[in-house]
Each structure stands twice: as C-alpha cells, then as structure tokens.
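Worth knowing before you read on, the calculation uses all heavy atoms, side chains too, and leaves out hydrogens, waters and symmetry mates.
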Amino acid sequence: MTIMEAIEARHSVRAYKDIPVEQEVRDQLDAFVAECNSESGLDITVRYDDPEGFDSRLAHYGSFRNVNNYIILKGARIADFDFVCGYYGEKIVIRAQQLGLNTCWAALTFNKKKVKELVPAGEDLCMVIALGYGETQGHPHKGKDIHGVVDVKGGMPEWFVKGVESALLAPTAVNQQKFSFSLDGEEPSVRIKGMGACIKVDLGIAAYHFEEAAGRAVKH
C-alpha cells in the first residue's frame, strides 16, 4: 500500500479487536516513530498492551472499545509544538495504516491521569491516538469541497489541486476543516481559517496530507 493509498483508505476507528499487535508490526512502527522523533525533536511513543490509557468515562461515552494500544504525542515545547505534533502524528498514522492498523485521534476521550503519568518532567502532552486492529475499517465523512478551503484567484496547477484534495481527506476535530490553502506564484501556503478546538494540530495534519500529494513543501 502506497502512502497515497493509505491516505485514501484511512478513516477513524474507535472499536478494536481484542488481539495484540504483532511483534514484526511493532518493530516497524517503533522504528518509524524513532525516525519521526529524530526529524521533529518530539518524543512520541507507542504504548502497547495497556488498556488503562482509554479506561475512562469519556472514552466509553465516546464509543471507544478494546483500545489496548495508543500513540502518545509529547515532547519538549518546541516552536509550533501543536502543528508539529499534528504533522508527525498523522505521518505515523498513515504508516500505521500501511502496516494494517487502524487509528483514531483523541483530544479528550482518553484517561488523562494515566497518560500524563507517562509524560516525563519537562515535556508537554499534546494528544493521544488510539491504535489497533479495527472491528471495521471506518467510514468516510462528508466535508467541504475544494472551493471551501482555497484562497486562489484564477487557475490552480494540478499539483496544487491534488494537494488540497488530499488535505480534505485529513482528519480534523469534529470534521471542522478550518484551514485555507493559497498560492504565491508557485509557493503554496496554508493558514488557520476561523476558530475551533485543536486547530493548530489540524493544520499540521492537513499540511502533511498536502505535501504528500503535491510533492512540495507548504508554508504555514
């Protein structure tokens, strides 16, 4: 499965099969996370075989079930901390999809007390991502069309359109998609448009999707 195929196939999944992640898959995912940490300066970790991370009233209310594994987005508060967590968190999510795993971003619906105990002193916790073999592959959600998230006068090059279309597949809090892409000559950029929860994290997720499809870096 290519990265773009994984981006198209990946949907949020909250209910998981009660089976462990295979060791070979763990090794590949952990190696990829280490690469992301080296690039980003974050300290993202994957927690396996630990149901306590999603053992909370909010998690059950949010229909999470059998979440025994999760990704902790954490690290020293570097510049653009939330954006970087979104960008690299989604990069890991897509790699997990390639490895046959399913995921769901969680800002509130996890056991904060338990997870915060796993965050070293001097580091901040951004969000948590549920991980495992889903009972289903999830379902797509209807969102905006390309004209709702671009600020471009005139025609748009094909690479730009592909990038924005990929960004529209990105998960955002309550499907808010509060970002806007623009062009300055041949240089793309993305910015927050409006207000909402976890909006800087969402911006990082959308930027990752754009770059993978467009093959170009995007300013923010």
Side-chain angles (χ1 to χ4, degrees), residues 1-13 21-50 53-54 67-107 110 115-116 118-134 163 166-167 169-173 179 188 190 198-220:
M1 182 183 289
T2 67
I3 289 176
M4 289 310 304
E5 287 171 341
I7 283 175
E8 292 176 4
R10 187 267 166 195
H11 306 296
S12 295
V13 172
V21 176
E22 297 170 358
Q23 189 60 52
E24 182 181 354
V25 174
R26 297 185 190 205
D27 292 344
Q28 291 184 63
L29 186 60
D30 288 343
F32 188 77
V33 169
E35 291 177 11
C36 289
N37 284 335
S38 179
E39 289 179 15
S40 66
L42 295 173
D43 185 29
I44 300 169
T45 57
V46 186
R47 186 82 171 173
Y48 300 101
D49 307 320
D50 181 12
F54 275 76
V67 182
N68 298 321
N69 317 284
Y70 51 95
I71 302 163
I72 307 174
L73 301 180
K74 60 183 175 64
R77 185 157 281 276
I78 56 176
D80 284 336
F81 177 73
D82 289 342
F83 177 93
V84 176
C85 282
Y87 186 97
Y88 282 93
E90 185 65 3
K91 192 171 184 175
I92 294 165
V93 159
I94 297 305
R95 181 60 181 144
Q97 186 75 29
Q98 289 180 297
L99 293 170
L101 297 167
N102 302 100
T103 52
C104 185
W105 287 78
F110 61 92
V115 173
K116 285 183 177 179
L118 303 173
V119 179
E123 291 189 359
D124 286 349
L125 172 65
C126 178
M127 293 177 74
V128 171
I129 302 168
L131 176 74
Y133 298 107
S166 178
L169 298 175
T172 58
F179 49 76
V190 63
C198 310
I199 204 160
K200 291 182 179 179
V201 175
D202 288 352
L203 195 71
I205 297 171
Y208 171 72
H209 275 237
F210 179 93
E211 290 185 358
E212 284 296 345
R216 303 191 183 206
V218 61
K219 290 176 59 179
H220 69 278

- prompt: Hey, mind stepping through I129 and L73 against side chain to side chain contact (heavy atoms under 4.5 Å, CB included) and telling me if it holds?
  reply: CA-CA 8 Å; I129 302 168; L73 301 180; 4.0 Å; yes
- line: dist W105:CH2 -> I205:CD1 (nearest 0.5 Å) comes out at 4.0 Å
message: Closer than 3.5 angstrom, by distance alone: can the side chain of R10 be matched with the main-chain N or O of T103 as a donor-acceptor pair?
response: yes
- request: Could you pull out the closest heavy-atom pair between E123 and K74, with the gap in Å?
  value: OE1-NZ, 3.5 Å
message: If you compare all heavy atoms of A107 against all heavy atoms of M127, which two are closest, and at what distance to 0.1 Å?
response: CB-CE, 3.5 Å
task: Apply side chain to side chain contact (heavy atoms under 4.5 Å, CB included) to F179 and T172, showing your working.
output: CA-CA 10 Å; F179 49 76; T172 58; 4.0 Å; yes
field: Donor-acceptor contact below 3.5 Å, side chain R77 vs main chain D124
entry: no
field: Exam field: side chain D50 to backbone N68, donor-acceptor pair closer than 3.5 Å
entry: no
message: How about CD on E24, more than 12 heavy atoms from neighbouring residues, nucleotides or ligands closer than 6.0 Å, or not?
response: no
- prompt: OH/Y208 to CD1/I7 distance, rounded to the nearest 0.5 angstrom?
  reply: 5.5 Å
field: Pairwise distance OG1(T45) to OH(Y70) - rounded to 0.5 angstrom
entry: 8.5 Å
statement: The side-chain contact (heavy atoms from CB on, under 4.5 Å) partner of I72 among V46, D43, L125, I44 is L125
Heavy-atom pair with the smallest gap, counting every atom of V115 and G53: CG2-O, 4.1 Å
message: Consider salt bridge (Lys or Arg N to Asp or Glu O under 4.0 Å). Of E35, E212, E39, which one does K91 pass it with?
response: E39
query: For the side chain of E211 and the backbone of V218, is there at least one donor-acceptor N/O pair under 3.5 Å apart?
result: yes
- request: Taking the side chain as every heavy atom from C-beta outward, state whether Q97 and N102 have any pair of such atoms under 4.5 Å apart.
  value: yes
- request: Measure from the side-chain N and O atoms of S12 to the backbone N and O of C104, and report whether any donor-acceptor pair falls under 3.5 Å.
  value: no
statement: All heavy atoms of L169 vs all of E8, minimum pair found to be CD1-CG, 3.9 Å
- prompt: How long is the gap from CZ on R95 to CD on E90, to the nearest 0.5 Å?
  reply: 14.5 Å
Point-to-point distance, once rounded to the nearest 0.5 Å, from CD of Q98 to CZ of F32: 7.5 Å
field: Shortest non-hydrogen separation from F81 to C126 and the atoms involved
entry: CE2-CB, 3.8 Å
field: Exercise: identify the closest heavy-atom pair between V25 and Y133
entry: CG2-OH, 4.1 Å
- prompt: For A173, does its backbone N or O pair with a side-chain atom of D202 as donor and acceptor, under 3.5 Å?
  reply: yes
task: Could you check if a side-chain atom of L101 sits within less than 4.5 angstrom of a side-chain atom of L29, using non-hydrogen atoms only?
output: yes
Rounded distance [0.5 Å steps], OH in Y87 versus CG in D80: 13.0 Å
